[in-house]
Amino acid sequence: MAMVVGATAAELEQAGRPDAARLLHEEVQRRASAEPALAGVDPDTPEAVLQLILQGLDEIRGHAGLSDAQKAAVEASLIRSVLQTVSTQIDHIRMVLDATAERSS
């Protein structure tokens, strides 16, 4: 249920549901490790990002109007886009942290 509504394991933990958080964590890890489309994804990718990608893959695969080749292309695009966005945000955070550290020196 948490996967469907987009709740993360961290959110479930904060809501006082460590049992549900553990189950969600295990499910995301199981699905991510078994997912061929994620084979090239860094294993240290945050779980919430993996969960978003898995949700997107589910939606793409459930769409009746696309051929298998189109679905594969959209899946690859989704994964590239999400990972690029996360990478860009991390770079931005690093720049802010570096600038903050320089001002503190």
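Numbers here simply count residues along the sequence, with the first being 1.
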Practice problem: Before giving the answer on salt bridge (Lys or Arg N to Asp or Glu O under 4.0 Å), spell out for D19 and R22 the whole-Å C-alpha distance, their side-chain angles and the decisive distance to 0.1 Å. | Solution: CA-CA 5 Å; D19 54 333; R22 181 184 48 77; over 6 Å; no
Quiz prompt | Nearest non-hydrogen partners of V49 and V82, listed with the distance | solution = CG1-CG1, 3.7 Å
Quiz item: Roughly how far, to the nearest 0.5 Å, is the CZ atom of R17 from the CG atom of L24?
Solution: 11.5 Å
Exercise. Show the numbers, then the answer: is there a side-chain hydrogen bond (donor to acceptor under 3.5 Å, both in side chains) between T85 and Q89?
Key: CA-CA 6 Å; T85 299; Q89 288 298 316; over 6 Å; no
Quiz item: Do E35 and V41 come close enough that some side-chain heavy atom pair is under 4.5 Å?
Solution: no
Quiz item: In terms of hydrophobic clusters joined by side-chain contacts under 4.5 Å, are L52 and L12 together?
Solution: no
Quiz prompt | Shortest non-hydrogen contact between Q70 and G65, atoms and distance | solution = OE1-O, 4.1 Å
Self-check item: side-chain contact (heavy atoms from CB on, under 4.5 Å), paired with E75, selected from L38, L57, I53
Solution: L57
Quiz item: What distance do Q29 atom CD and E27 atom CD have between them, rounded to the nearest 0.5 Å?
Solution: 10.5 Å
Quiz prompt | From I60 atom CD1 to I79 atom CD1, the distance as rounded to the nearest 0.5 Å | solution = 8.0 Å
Exercise. Take atom CG of D68 as the centre, draw a 6.0 Å sphere, and report whether it contains more than 12 heavy atoms from other residues, nucleotides or ligands.
Key: no
Practice problem: Could you verify whether a donor N or O on one side chain and an acceptor N or O on the other, from Q84 and T88, lie under 3.5 Å apart? | Solution: yes
Quiz item: Between A9 and A21, which heavy-atom pair has the shortest distance, and what is it?
Solution: O-CB, 3.3 Å
Exercise. Hey, could you give me the OG1/CE distance between T100 and M95, rounded to the nearest 0.5 Å?
Key: 11.0 Å
Quiz item: Is the backbone of A73 close enough, under 3.5 Å, to the side chain of S77 for a donor and an acceptor to pair up by distance?
Solution: no
Quiz item: How far does NE2 of H25 sit from CD of E47, to the nearest 0.5 angstrom?
Solution: 5.5 Å
Exercise. Might you work through the side chain to side chain contact (heavy atoms under 4.5 Å, CB included) test for R31 and D58, ending with a clear yes or no?
Key: CA-CA 11 Å; R31 287 196 55 205; D58 289 345; 2.6 Å; yes
Exercise. With side chain to side chain contact (heavy atoms under 4.5 Å, CB included) as the test, would you mind laying out the steps for T8 and Q51 before giving the verdict?
Key: CA-CA 8 Å; T8 65; Q51 186 174 339; 4.2 Å; yes
Quiz item: Within the distance-only criterion (no hydrogens, no angle test), does the side chain of T45 pair as donor or acceptor with the backbone N or O of D42 below 3.5 angstrom?
Solution: yes
Quiz item: Are I90 and L50 in one and the same hydrophobic cluster, where Ile, Leu, Val, Met, Phe, Trp and Tyr link if side-chain heavy atoms are under 4.5 Å apart?
Solution: yes
